[in-house]
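See below for the structure under consideration.
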Amino acid sequence: MTSAKRKLQPSDALLLVNIGQLVTLRTDSAKAGPRCGADLQELGIIKEGAVLCLNGKIVSVGSAKDAMRDAWLRKNRRKVAEIDCASKVVLPGFVDSHTHPVFVAPRLVDFEKRIEGASYEEIAAAGGGIRSSLEAVRETSKGALAARIVTVLQEMTAHGTTTVEAKSGYGLTVESELKSLEAIRDAASGWPGTVVATLLGAHVVPREFQGCSQKYVEIVCKEMIPRAAKRKLAQFVDVFCDKGAFTPNETEQIFEAAVKHGLGVRAHMGQLSETALSPFLRFHPASFDHMDHVSEDDISQLARRDTMATLVPGANYFLGLKEYPNARRLIDGGVPVALATDYNPGTSPTISMAMAMSLACTHMKMSPGEAVAAATINGAWALRVANRKGSIEPGKDADLAVFEVKDYREIPYWFGANHCAATVLNGVMVARA
Ligand SMILES: [Zn+2]
């Protein structure tokens, strides 16, 4: 076993042994940075593996045989908590790098209208869509919002997710956006996993500012961003840049304000229409998300960079679209690709990373191996936490998912079922009831 430091108190240790397939995501590739091209397939699988965790960190990873020969383990085995993972798969906990968990109610009217044939834009024009979630969030207390988010985080845990990016964006007033971010912070403090918060004040132009979006952009730039940054309520600022939402020029203004206040940037891009990406690259965005529409030119610009293309096929599925993002074109063009759920009440009400992976395989022609890497290590890159998340290596956080399957390919294969048996979040084990 390869080991990091050895100041082990056995009672704080957790050992996963006899792991049928240990999917480490370690790579021999010398290239640092997100997994691109052929490297996206490198899963670093160890058969009959073992992982030892201590104080929330992974301390050693290797074969079960080596672990049993380890002198420290032999001496302390009885005092160490142990999970027998025979005939199971262990992989890094999923990193869901794009979710919108701060809302109050499902959007069932939109759901039915869409079934009857209404488009995304028609639903928005009829008072549905993002705007229809605003009132409830504005009226709901921070505590009630936090309680809802905790429930969602627990559900995610049961499905193998250990790191979650959580956006505000259903308040769209200074007070309700800050309240949403506080609710995310409060929910995160009671969850053993890791939450990365994003201010999405620029989700859509609220009704009060229709026809004068510039005024709203100024509120985002001059009030929301400085206040969220000062109180350290968000690590990132996101913008929905598309027709019916914010223009490229407005997006640049918002990015400028975010960077000025020390926050990272990311954007919803290319969901409904194509936007040229090069004007945004100077802000070093962490990710462009959706990417259904993207030009060849932009694909070659994004190749070999660490700006992630985050694909969210759950939205395409739930909207009943025939087209999905062209993952093959992106991957084969050298663009790093991540997968996320886009959990939200309007277009992707799922917390299941396994479902996102299944859709990636069946509708976007990603291999199961590529889907695993996109849902773990590249998700970690998308949130700029790849130094501690996304792979099973000594020194990284003890974030693991144990699946009751013999082969990792079964995770996207058995779509609609949850085979996650246990999740380890920063060293805390949560077994599924
Ligand atoms: Zn989204």
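In each ligand, atom 1 is the first atom listed, and ligand 1 is the first ligand listed. Heads up: numbering here begins at 1 and tracks the sequence.
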Quiz prompt | With the Zn ion (ligand 1) as the apex, the NE2/NE2 angle for His268 and His98 - to 10° | solution =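 An angle of 90° at the metal.
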Quiz item: At the Zn ion (ligand 1), what's the angle from His100 NE2 to Asp342 OD1, rounded to 10 degrees?
Solution: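 My answer is 90°, to the nearest 10°.
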Quiz item: Can you tell if the side chain of Val385 reaches within under 4.5 Å of the side chain of Gln235, non-hydrogen atoms only?
Solution: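 The answer is no; the side chains never approach within 4.5 Å.
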Quiz prompt | Check: Arg131 side chain, Val205 main-chain N or O, donor-acceptor pair, under 3.5 Å | solution =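 Present.
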Quiz item: Is the Zn ion (ligand 1) less than 2.8 Å from at least one N/O/S atom of His290?
Solution: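 His290 does not place any N, O or S atom closer than 2.8 Å to the Zn ion (ligand 1).
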Quiz item: N/O/S atom of Asp289 under 2.8 Å from the Zn ion (ligand 1), yes or no?
Solution: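 False for Asp289.
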Practice problem: Could you walk me through whether Gln253 and Asn249 pass the side-chain hydrogen bond (donor to acceptor under 3.5 Å, both in side chains) test, one step at a time? | Solution: CA-CA 6 Å; Gln253 292 178 50; Asn249 177 277; 2.9 Å; yes
Quiz prompt | Derivation of the side-chain hydrogen bond (donor to acceptor under 3.5 Å, both in side chains) call for Arg26 and Ser391 | solution = CA-CA 6 Å; Arg26 289 170 81 168; Ser391 62; over 6 Å; no
